[in-house]
Structures are given as structure tokens and as C-alpha cells.
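Remarks on the structure that follows.
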Amino acid sequence: MRSLAKPAAFVLALWTGAALADDARHGNVPFVDPPILPVAGPQGSVVLDAFTDWVEVPGLGRVEGASSYDLEMAGAAPVPQRRSLMPRILDIAPGTTVEVRLRNHLTTLEAADLADPGKAMPDATNIHTHGLIVSPTGIGFGSGHEAPHLGDCVYPLAASTAHGPMPAGMDHKPAGGRLRDACAETAHLPAEMGDLTFAGDLLYSYAVAKDHPSGLFWIHPHPHTQSEVQLSNGLSGLLAIGSIWDYLAFDCRVTASPYDPTGACATQEAQRRERELEHRVEHDPDGLAVRYLALKDIQVRERADSTKAKPHFDLIAFPHRPAMKPAPGADDPFGTANDARKALCGTLALGSDGDIAFPAGTPRARGVCWAPVDPKAPAPRSGWVFPVSGQVYPEIEVKADMELWRLANTSADVTYRLQLVSDSGAALSMQPVALDGVALAAPVAAPHDSAHASSKGLSTSGRGVTEITLMPSARTEVLVRRCAKDDRPATDPRSGCLPPQGAIHATLRTRGVLTGATDQDGDFWPAIDLARVEWGAPRNDAQEVRHPRVIAAAGPAAAALAPAAKATSAPAVATPPAPAPGGADPCAGKHYGHGPGSFSIDGTQVRLIRLNNKSFGDDEVFGIHDELLDLRSHALDKGHAVRVAQLVTEGAAQPQDDSGKAPDIADIELGDACQDAAVAPFGDTDAAAMAAAEAAFKAYYRPFAMDVDNVTTTHGVTEYWLVINDAPECHNFHIHQMKFATLDADFMGPDTPSVDQCAGDRKAERPVNQRALQDNIPLPPKTRVLLKIDFDGPKLGRFVFHCHILEHEDKGMMATIRVAAPAEPAEAAPN
Ligand SMILES: [Cu+2]
């Protein structure tokens, strides 16, 4: 891959003193690609500094008090902090073990906060490598180590060094032996994260396997209850694994693995030609450019000393989330501040066309929506800023005939619905290459697929998209290119290409999103023009340009996900749970998250995971329910019990029942008195009834508790998870340490007016594609998905799954999973 790293000084020189462009047809500043730090080879060590200071935001001005990361090779000569919100990109070659030393210099807390003994974790932070298939376990405190050596473990925290020594009793470093590894399968954690806070650096070690999928991943803080806070104040970076040529090819694969479904180059001459084409396009300035477009949002208030020549702002810092909820009826400064953030730019409205917009007459927001100015107090202005890779409304000048845009949503809470709209108003077509870091594979074709899929609102045809929905933490990579001879016409939105001739002037924008089933639920995210995009006339004759095609993800994981074969052995069947005994407590006799299940594609057991949130007065409760569910005890259509295999949408893996109709996850009857009690309506005026309702809700949808084991399973097994969003708003399911395949999706629940709100283009690619792996899946209101999850490889230990809207995660929509080694060592396969 061509390195696009540029010295950071170049960024500042371009920006400093530049006046903002007022013309909508131009961006504020030329877009500059963020710096890339490559790490290859058996080992590499880097230092990640988390700091709070001023940052220069090209296209906006200087912002005081933002948090950001600096990233350097360990042992390198110290360089001045780059002081920008540009994401640092760590580019890791497969087969490399990377050690990351996290240094914490965050100072986002007010002095008053530090004096409050209730603040257990003053600015403490940690990191999570989102989407990487790496171990959660480390080696804890080995002898002679000055800091705990961790895997991808989200429980331990590094205290900030900026506040001086930690308060007495909070420095556990000398006694570190009490917790050798917080993510080991045998770990038992304390209830309070403050008890896992360490003075000094944290050392993380990630062994990125040689067969790790190539793609785009990211890195962000994950301190429970403060993740939203720290991301909103600026922290996040990007991770790239491998080469783009692992999922693009012109004719064949030069380095195909035995698992590669697309086929290797047949001859050495074919290999040579393929490599020559890759080389040519990589080294031709008019060939292929790779851009990292990280989407993020911050909020700022203009300072009194701000001038047009030197714009100057303070970050509107996201306040530290208090450890305790306020008493009923008491002031809730955090909740008030949280609500104010979402309303900073005024009230949005849902139009009849489904678009979210500011009231008529509000000027189009170019990178920033400014709060409605109070006529009595025009200054200071406050703004909600939506930078693209740390730059506000930049101008992307496309020089190559083709660019690969690596888009990542690194906001804490915002959902984006991206469109590339030409000045003539046409939504331009882009070609998706990868979702959530892994190459798109061609769906497995089956004669009845398209009819079945379309009945569920899914589309299986077409390779181009005109809209890309990114819920928090999602990534999509798209080719943006001119049409070639054999393409569909550029006017076809499915073409995946741009008109072959002439200049193109366009805007990359987010349309605005309502994440609720109605405008009374969920959140409104604003419509913002994010960047200008300008193409000159094609450099080469577009008709002659050769474009790479998208090829499938390769590797053992992909092979393991080949469609399930016919039943070859007797189904493994678990005993259905005993019926609940009668009595006042509808949950009596119910078992939650108990033990490893017994799963097989021909079996009848799935793990039921239900997400829900509900308000009880001022108290918003978020939680997750989990249990083992036997399909035989939950009637499907016509009362037929089914096996897991019959629920799989995809072609060959979908046996039909006697009537010829394929059973569907939407048909699973989930009646449950305990769940009924959890969601029963209550009177707003009756405090006792509300308290009882809240208790019932929490008993079923349990908010996160670090010291509780929710799911327990055994290393080496494959589980089938039926994940359900019971809420009237969008959630985004994410699980650590692994990727999953989506076997079926029901996105057409009765209360789901528009799947596009949070599933967007993803519904077209994923649910009927077993070979595609992902680490997130958007869950529109009242929808269900069936996932296949392999607990193999490095996934031994204790980690989490959660909603990746970080407000929801911090409020409790997260659960633990313990993956333990089998009781008996597995016997070697007979020869
Ligand atoms: Cu959520």
C-alpha cells in the first residue's frame, strides 16, 4: 500500500492564518492525509500518548482543552506533540506482535472534580483495538515488569499522571499481584473499576496473526462509564492491517491462500502480470490514492480573543460522568449537559421525505452547525463541529482516476448517513469494497434467495451504493472511480462509478438521522456538509483505465464460514428448560446466562440476547438479557419446531419444512412472562409502581456489572446467537476479540418504519452473506438477527459485548462473556 504519510508541520503551515472560505463551492482548507506509522516484522513497539491541550483544527481554528493521541515508535527521538485531531494511523503488517505503551496525560477534569472523593477514576483511561482478532489476555505483572502487560483488555485503567500522585489507597501498582490478568478466563473482578486503576503506564501486547484479515480497524478508550466522555472530547485513532491488495485484484490472486474462494493466478506469467498491474497503479500518481476519512464530532465555544484571522475556541468538554445517579428530583448537571449537547444546533425536524433537517431558512451547515444566535447576545458563538480526519469542511482534490476511501465513524454517539452529491443534485454512486474492516464477499447465490430477501426488504443485487450508513464504530471502504467501458451507465445508481468524462464538483454530506422508531424515541443527528470533493477531467482516458475488482475475504475464518453442510450426525439437543412454576414471580425458575450451551447447526439451541432501554422518570435504564433458548419450546410458524439450520437464509443452508415454506427468525415465538413484566406499562404518578417496574426491567435487562459473569462458554465451540432489539430505537451490537457472520436478519418488525435509519446500505450486503465477517451489526428498532460466532483462536478469556452507541454502553448496555478452556484437553484427530 502506498504510504500517504505527510509531515504534520505541513498541515499547520497550510492552515495557520488562512481565512475561512465563504463560498460553498470551495472547502475551507485543502484536505491533508493523516500520518501513518507502519509497524512490520516480528515485533514492534509504539508509544501512545493521551493528552489534553490545545489543538489546531484546520478549517476551524485553535481549540483549547481537547483530548487527542500522539503516536510514535518507542525509543524514537522525541518530537513535539502534533496537537491536532487528525487520527493517528497505526499500520500493522500481519504476523507482527505490537506492544503499545499507553501514557495518560489527560486533564479534562475540573479541579472541583478532583476534590470530590466520589470520583473514583480521575481521567483514568485505557484502550481497545476495535475489530482486531487478538487475545484479551496478557501476562499481568510478570516478575521484573514495571507495568501490567495486558492483552486487549478493557478493565484495567491507567491513572492520569497530570494530577500528581494518586490519592491514598488507589495506587495498586505495588500490590499488582492481586490481579495478574483482569481478562484471564479465571479472573474474578471487583465491582468497582477504581480498584483496577494503576499509577503509571499500561503496556498492551497484540499478536496480529499472519492470517488476520486485512482491513480498517480502530483504537479508542474503553473505560466503562467514561467511554462516551473521552471519545467526545477527542480521543480515537485508526488501525490498518495488511494490504488493500488482499481484497482487490485485477485478474487473479498473487498470494492466494488455500482458503481463497476466488482463485489463484494459474501461471507464473499471470502472477507477474497481476503484480505489475498492482505496482503500476500503486506508483502512478494518477492511478490509485488511498484516503483515510475518519468522522468525528466535537463541540466548541468561541473565545473573547477570537478574530477572523485567528479563530480561537474552547472545547465544550463533555463532563465526567458521575459515579452515582442523582436522587429522584435532585439536580442532574451531567444529564442536563448531555441533553444540551444534542440540542446545541437547535431542534431538528423529520420531513415527510424521511430527511432530517433544521427549520427552513437555517443556512446549510458546512462542517459546523452554529447554535442559533441569541439576538441579545450574538457572541460567543457555540458550534457542533464535524471534522473529517481532524479537518473542518476540507476540500478533497481527486487527482487519481480512482481513490479508495477508508471511512470510519469514530464519534461516540453520532450516526452518519453519507452521500456524495454533485452540484447538479445527483447522488453519485460508490463501490463498497469492505465493511467493518473485512472484504465483501460475493453472496452465495441460490435460486430462492432474491425472492426471500426482497420479501424482507433486503436487496442482493447491484454493486454500487449512493448512501452509506455508519453507526458509531462502523467502517466502510469504497472505491470512488470513473466508469470504464464495461460498467453500467454512470447514471445507474448501482453502477458504482462516476461519469467517465468531465470535471465533477460534489459535496460529501450526512443527511441527518433519526434513530428512533418515532420522533419521540432515539436521537436526532444533524444534516451536515462534511467536505467538498473536486475532480478535474480524467487524467487517463477513463475508457482505457483498468479497475481492480473486489474479491472475497480470505483465510481460515472465511473457509470456516462456508455454508453449512447437510446434517451428517445426530443433532445435539439440549433439554428444554423446565417450565416456570406458577406463582407471583413470573421470573421464578428462570435461568439467566447459565453455563455453556450445546450448539450445532443441526441442533435446536440458540443463545438469546435481547437489548432494551426504557425511561423511569428521569432514570434511563439500558441493559441486556441473555439466556439459552431451545427452539422446540418456542413455537414457530404452524407450531413446527425447527433446527438452527432451517433458520439460515442463505441458499444451500436453508432446508425447508414440510409445507415448503422456509421458517424464519421472525416466526420464533418469544412469549415470556418475565419479559412481559419487565416491559409492562406503569403509571407515571405512582412512585411505588414506577420503582417496581424499574426493578422488573433491571431483573430482565441487566445493566452491566463488571464482577458478574453474563455469558459463559467453552473455547473451541461455535455458538448461534439470536440477537434482538426490543427497544423503539436503534442500537449497534458489537462484540470484542472476534468477528461474526450474520446468518439471517429480520429487519421488518411491525414498529420499524424505516430500516434505513440505522441499517442503511448494510442491509443489502450482510444478512444473506455467511462468508462476510463483521464486528458490528446495526439493529433497527424491534429487529432480530441470527449470528454465528466461533469462539476459537485467541478468544480465550474474559471480555465484553455491548451496544456501540457509547452513551448506551456507559449507561449499562454491555455484558461480560467468559470463554473457558474445555474441561478435558481435546483429543488429537485420528490419522
Ligand atoms: Cu444502543
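Atoms within each ligand, like the ligands themselves, are counted from 1 in listed order. Predicted model only: the values in this text are computed from it and were never measured.
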Across all chains, not counting sequence neighbours, the side chain to side chain contact (heavy atoms under 4.5 Å, CB included) partners of A693 are F616, F682
Under the rule for side chain to side chain contact (heavy atoms under 4.5 Å, CB included), what residues qualify as partners of S382, not counting sequence neighbours? R301, I316, L344, A371
Please evaluate residues H731 and N613 with respect to the criterion side chain to side chain donor-acceptor pair (under 3.5 Å), reporting the C-alpha separation (whole Å), side-chain torsions for both, the decisive distance (0.1 Å), and the verdict. CA-CA 10 Å; H731 294 297; N613 59 287; 2.8 Å; yes
What protein N/O/S atoms are found closer than 2.8 Å to the Cu ion (ligand 1)? H731 ND1, C803 SG, H808 ND1
Answer with yes or no whether the side chains of Q605 and Y720 bring together a donor and an acceptor at under 3.5 Å. no
Can you classify the ring geometry of Y204 versus Y206 as parallel (below 30°), tilted (30 to 60°) or perpendicular (above 60°)? parallel
Among residues at least two apart in sequence or on other chains, which ones pass disulfide (SG to SG under 2.5 Å) with C803? none
